[in-house]
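Below is one structure, written out as structure tokens; the observations come after it.
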Protein chains: 2
Amino acid sequence: MYFKIGEAARRTGLSIYTIRYYDKEKLLSFLKRDKNGQRIFDEDGLLYLGMICCLKDTGMPIKDIRHFIEWSMAGETTIDKRECLLREHKQKILEKIVKMNGQLSQVENKLKMYARQKKSINND
Amino acid sequence: MYFKIGEAARRTGLSIYTIRYYDKEKLLSFLKRDKNGQRIFDEDGLLYLGMICCLKDTGMPIKDIRHFIEWSMAGETTIDKRECLLREHKQKILEKIVKMNGQLSQVENKLKMYARQKKSINND
DNA sequence: ACTTGACCTCCAGTCAACTCCAGGTAGTAG
DNA sequence: CTACTACCTGGAGTTGACTGGAGGTCAAGT
């Protein structure tokens with residue numbers, strides 16, 4: 001099954017502009033074109049795009065994602081590099097999750113304070 | 001105990017530039033100045049600054065943080081608004097954590113794929 | 001008295017990541 | 001044949017969040 005940019009946008013939640021921008025930034029070098037020059041997304045292409053979204057959403061900058069994609073395109077000899085990059089990134093995600101849990105508590109504490117404050121106002 | 005901007009920067013991990021920028025953006029309207037016009041951070045000020053960092057790091061845009069601070073300065077009558085804003089933000093944090101856990105799995109799966117791939121190369 | 005360091009303001013510059021526009025092509029429906 | 005829609009490129013503009021430089025004040029140390 002093949003898709004064009006509009007469908008790829010619908011499926012990933014990215015805008016068409018953003019997808020073209022990613023292509024310009026060499027994140028989508030795996031894409032083929034049809035005879036009119038339109039981008040063709042196959043199943044694999046959508047999976048790659050999904051991975052790109054995952055990396056981006058977890059805070060990886062575009063130039064690092066570009067390396068990851070370049071290495072992926074270069075074949076098996078680059079598996080070690082890719083693994084290393086993903087391992088480090090995984091660590092960062094873990095740290096983010098820990099940090100975010102702390103921040104969640106901070107917000108919850110503030111909400112508890114408000115609850116107490118409202119109670120004491122009512123008891124005036 | 002009172003602190004000046006350098007110490008506030010050291011304690012929060014923000015740069016001095018960033019703190020001044022936040023002040024310009026009216027995030028630090030709680031700050032007093034000494035007779036020479038230098039910013040004075042007291043314990044409360046540092047707590048506020050910590051809350052600002054927490055909100056910012058969890059993805060709240062500066063203009064929303066500004067509202068939160070304005071309301072905080074305006075007194076008890078704004079508790080409901082502040083509570084509402086924080087409740088919605090808490091929800092977003094929860095969603096982020098869920099999403100990030102999914103993304104963590106995606107990265108872990110990719111790493112597992114690499115492990116399998118390397119094994120099969122070695123068994124050639 | 002002078003230098004040094006930490007602070008100040010105003011304002012311009014930078015950066016990442018989009019976002020959009022003008023002008024064009026290709027395929028399809030009426 | 002024409003209108004419409006979805007796509008294309010190159011390049012300019014926007015946004016949010018800083019970051020840094022020029023020029024100045026003030027207090028403490030030598």
Side-chain angles (χ1 to χ4, degrees), chain A residues 1-42 45-46 49-69 89 92 96 103, chain B residues 1-42 45-46 48-70 89 92 96 103:
Chain A
M1 217 27 204
Y2 298 105
F3 312 97
K4 286 193 283 185
I5 196 171
E7 183 63 15
R10 215 191 48 73
R11 293 197 179 212
T12 53
L14 297 171
S15 77
I16 290 182
Y17 295 136
T18 303
I19 294 179
R20 288 206 272 249
Y21 163 68
Y22 285 175
D23 197 13
K24 214 177 330 190
E25 291 294 316
K26 305 210 183 62
L27 264 47
L28 310 184
S29 42
F30 50 83
L31 286 183
K32 300 273 172 291
R33 301 295 186 111
D34 71 9
K35 69 181 198 306
N36 299 318
Q38 299 194 355
R39 293 169 185 87
I40 300 167
F41 294 79
D42 56 13
L46 287 183
L49 195 51
M51 192 69 195
I52 289 168
C53 289
C54 167
L55 296 176
K56 183 209 64 171
D57 284 352
T58 47
M60 188 182 288
I62 288 201
K63 68 172 175 23
D64 291 5
I65 302 179
R66 178 163 44 229
H67 283 139
F68 176 73
I69 295 291
H89 190 60
K92 285 185 194 153
K96 267 178 208 272
Q103 289 159 336
Chain B
M1 218 22 205
Y2 298 106
F3 312 98
K4 287 193 282 183
I5 195 169
E7 182 64 15
R10 215 191 48 73
R11 292 193 179 214
T12 54
L14 298 171
S15 77
I16 290 183
Y17 295 136
T18 302
I19 294 178
R20 288 206 271 251
Y21 163 70
Y22 286 175
D23 196 13
K24 207 178 342 187
E25 291 295 314
K26 304 208 184 57
L27 265 47
L28 310 183
S29 43
F30 50 82
L31 287 184
K32 302 270 172 292
R33 301 294 186 111
D34 71 10
K35 68 181 200 305
N36 299 319
Q38 299 194 355
R39 294 171 185 84
I40 300 168
F41 294 77
D42 55 13
L46 287 184
Y48 266 113
L49 196 50
M51 192 68 194
I52 288 168
C53 289
C54 167
L55 295 176
K56 183 209 62 172
D57 284 350
T58 48
M60 188 183 287
I62 287 201
K63 70 171 172 27
D64 292 5
I65 302 180
R66 177 161 46 227
H67 283 139
F68 176 73
I69 296 291
E70 275 167 8
H89 190 60
K92 284 186 197 153
K96 266 178 208 272
Q103 289 158 336

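Numbers restart at 1 for each chain; the letters A, B, ... are given by sequence-line order, proteins then strands.
At the heavy-atom level, B/Arg20 lies under 4.0 Å from base atoms of the strands shown. Among the protein residues, A/Lys35 comes within range of the sugar-phosphate backbone only, with heavy atoms under 4.0 Å from sugar or phosphate atoms but none that close to a base.
Between A/Arg39 and D/dC8 there is a side-chain polar atom (N or O) within less than 4.0 angstrom of OP1 or OP2. Contact check, A/Arg33 against D/dT9: a side-chain N or O comes under 4.0 Å of OP1 or OP2. OP1 or OP2 of C/dC18 has at least one side-chain nitrogen or oxygen of A/Tyr22 nearer than 4.0 Å. A sub-4.0 Å separation between OP1 or OP2 of D/dA27 and a side-chain N or O of B/Asn36 is present.
Note on residues 3-20 of chain A: pairs passing salt bridge (Lys or Arg N to Asp or Glu O under 4.0 Å), not counting sequence neighbours, are A/Glu7-A/Arg10, A/Glu7-A/Arg11.
A residue-by-residue look at A/Ile5 and B/Gln38 shows that A/Ile5 has its nearest nucleotide of DNA chain D further toward the 5' end.
The only option from B/Tyr48, B/Phe41, B/Phe68 that meets the ring-ring contact (aromatic ring centres under 6.0 Å, His included) definition with B/Phe30 turns out to be B/Tyr48.
Of the residues in residues 6-19 of chain A, those with a non-hydrogen atom less than 4.0 angstrom from any atom of DNA chain D are A/Gly6, A/Ile16.
A salt bridge links B/Arg66 to B/Glu25: at least one charged side-chain nitrogen sits closer than 4.0 Å to a carboxylate oxygen.
Contact annotation: side chain of B/Lys56 to base of D/dG16, donor-acceptor pair absent below 3.5 Å.
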